[in-house]
Number of protein chains: 2
Amino acid sequence: MSKTLIFGHKSPDTDTICSALAYADLKNKLGVNAEPARLGGVSKETQFALDYFGVEAPQFIEKVDSDVKDVILVDHNEFQQSVDNIKDVRIAEVIDHHRISNFETKEPLYFRAEPVGCTATILNKMYKENGVPVSKEIAGLLVSAIVSDSLLLKSPTCTKEDVDAAYELAETAGVNLETYGLEMLQAGADLSDKTVLELLTMDAKVFAMGDAKVEIAQVNAVDTSKIYAFQDDITTEIAQIIKDKELDLFLFVVTDILNNDSEILAQGSGENNVEQAFGIKLDNNRALLKGVVSRKKQIVPNLTEEFGK
Amino acid sequence: MSKTLIFGHKSPDTDTICSALAYADLKNKLGVNAEPARLGGVSKETQFALDYFGVEAPQFIEKVDSDVKDVILVDHNEFQQSVDNIKDVRIAEVIDHHRISNFETKEPLYFRAEPVGCTATILNKMYKENGVPVSKEIAGLLVSAIVSDSLLLKSPTCTKEDVDAAYELAETAGVNLETYGLEMLQAGADLSDKTVLELLTMDAKVFAMGDAKVEIAQVNAVDTSKIYAFQDDITTEIAQIIKDKELDLFLFVVTDILNNDSEILAQGSGENNVEQAFGIKLDNNRALLKGVVSRKKQIVPNLTEEFGK
């Protein structure tokens, strides 16, 4: 029986992993032979959620095999964030909440993007639309995804729909949203065992902006100064990444999950664009962006506009 | 009060005009200040539907004015088919049933594409999802759109959802689907007063295929030979269009609405690709494509693949 593979973006975060698992569950219940997959390692935050609700991580894939009929993308659409052979496969569906860019198909498809804070919020709606009840485990995964993407409902990307879905799903999952949410975020913000390279790659995305190629990596932390104690090592690693990937800019965003600010480090020929985009002055490549926690809503649009000038 | 403008593609067909009118009606009923617009002339087929149900054509616009806050695209997403200053405006939503290509945004949006035969079928669902009843006039417009895009349910693009919506809407509109549908198609297929240039532009779309720029014009006819009686004039006009727009291929598709075949005329450096794409031999630039009625499903994918080689 032909198989449909469902996966989120590279450098998977909790929304990407949990949405792939949940949508595969929904598709299976609707009679589609669907399997979840992932394009990278499972973060501590995601692993905390998976362990808490007793769900196994999806299979890791490097590319889509030829026995796969269709793929479904969740939580992304830009090809450079997807599987390497994305141009060789048939994309049947996309469920996403990001901007649309560097995406195209030969044929019509089911494409559903909504300007909400989390893919899981859309999936929660789709269970309802299809009259399929959300199980305790799936509710746990979906609420974890919302907590992760919204920094416990504090990100400006978070909409009323996300808030309503989060409380509803927490109840189905049998957890207290605030207690469970903070526990999960703190599990993810434990960076003590990470190498510098891991910090720079664990949630990194590449964007085409104007003619520039920009990579933005983000990590959540309880204490940003602990990370920047290793700034020299960070700078050396980034220089290598810029060279390997021919980037115009690498932006490292360390988000303080308690104060909801971000301490950024910008490196590359596009440093100037960062200063212009945010009206800041970099000091030793770094700057504090007050109240900035969302790569998608508070970083990517400003930079895209600046590089497009 | 800030205004949202809703429009379909250039060289508007019945689905594009009727979907803009219907979605503006739905948005207004949901409290949004939305106005429908159109990017080109109203065809005879569309005018027949508008007159039958007593609805005025939307305003014609050449570009989006600066007082417009947001735009909503219906029945298209490719920028080259949209308003000329599309890159300067904020796209809040897209409701469509075509492939996705040459489309991008800086920020997340509501994007809803479904692989159905007609945008109107999606809009009919959206009325239901929002609990807004469809009026007799709007039902008339929506069923006209489905009849037009599906050639009275005969096109391979037509899905069960389109068929169900068509019968339901015909009932609300108070018309017999077959009788009304054929009358409307025949009104549109009356090409007796058209100049050759009008035939080539009334429903023409430009596509990016590989590195090639391809324009495909389609007309419905009751007797295709009547049109090709003017082949010399057609060839002369197409040569001028190819020169003006720097096209690699112009494909003229004359669809026989009674037999459901198409007689095509291919011109330009990409003629060879047409022969390859359909496994045919052009004779005096022309060929009969048996059973081919859908530009979207039976022409664009084959050509895109051929030009991508």
Side-chain angles (χ1 to χ4, degrees), chain A residues 70 73 75-79 87-88 90-119 121-122 125-126 128-129 149 156-157 159 161 207-210 277 294-308, chain B residues 70 73 75-79 87-88 90-119 121-122 125-126 128-129 149 156-157 159 161 207-210 277 294-308:
Chain A
D70 291 334
L73 311 186
D75 197 33
H76 75 298
N77 66 81
E78 303 192 35
F79 281 176
K87 291 198 175 179
D88 306 328
R90 186 176 168 271
I91 305 169
E93 297 186 29
V94 177
I95 316 292
D96 194 13
H97 68 122
H98 294 89
R99 72 166 188 177
I100 298 170
S101 186
N102 191 20
F103 177 87
E104 60 171 5
T105 58
K106 272 186 212 136
E107 286 179 72
L109 76 164
Y110 184 87
F111 193 112
R112 180 169 183 166
E114 300 190 20
V116 292
C118 184
T119 308
T121 301
I122 306 169
K125 253 196 288 193
M126 293 177 75
K128 287 181 196 177
E129 289 166 8
D149 267 18
T157 58
T159 67
E161 275 193 64
F207 299 88
M209 298 183 178
S294 166
R295 171 168 51 193
K296 185 169 70 167
K297 200 134 181 170
Q298 296 172 297
I299 295 177
V300 171
N302 299 33
L303 271 181
T304 303
E305 182 159 351
E306 188 57 38
F307 276 104
Chain B
D70 291 333
L73 311 186
D75 197 33
H76 75 299
N77 66 81
E78 303 193 34
F79 281 176
K87 290 199 174 178
D88 306 327
R90 187 176 166 273
I91 305 169
E93 298 186 26
V94 177
I95 315 292
D96 194 12
H97 68 123
H98 294 89
R99 71 166 190 178
I100 297 171
S101 186
N102 191 19
F103 177 87
E104 61 172 3
T105 58
K106 274 186 210 136
E107 287 179 72
L109 76 163
Y110 184 87
F111 193 113
R112 181 169 182 166
E114 301 190 20
V116 292
C118 184
T119 307
T121 300
I122 306 170
K125 254 198 285 192
M126 292 177 76
K128 286 182 194 174
E129 289 165 8
D149 267 19
T157 59
T159 67
E161 276 193 65
F207 300 87
M209 298 182 177
S294 166
R295 172 168 51 191
K296 185 168 69 166
K297 201 134 181 167
Q298 297 172 297
I299 296 176
V300 171
N302 299 34
L303 271 182
T304 303
E305 181 160 349
E306 188 57 37
F307 276 104

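Below, chains carry the letters A, B, ... as their sequence lines are ordered, and counting in each starts from 1.
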Enquirer: Taking all non-hydrogen atoms of both residues, which atom of B:Pro301 and which atom of A:Glu107 are closest, and how far apart?
Expert: CG-CG, 4.0 Å
Enquirer: Has A:Thr105 got a side-chain atom pairing as donor or acceptor with B:Ile100's backbone, closer than 3.5 angstrom?
Expert: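 The answer is yes, because a donor-acceptor pair under 3.5 Å joins these two groups.
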Enquirer: Quick one: OH on B:Tyr110 to NE2 on A:His97, what's the gap to the nearest 0.5 Å?
Expert: 16.0 Å
Enquirer: What are the two closest non-hydrogen atoms of B:Lys106 and A:Glu305, and how far apart are they?
Expert: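 Result for this residue pair: CE-CA, 4.2 Å.
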Enquirer: Who among B:Ser101, B:Pro115, B:Ala92 has the most heavy-atom pairs with chain A under 4.5 Å?
Expert: B:Pro115
Enquirer: Quick one: pull up CD1 in B:Ile91 and CZ in A:Arg99 and give me the separation to the nearest 0.5 Å.
Expert: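 Answer rounded to 0.5 Å: 13.0 Å.
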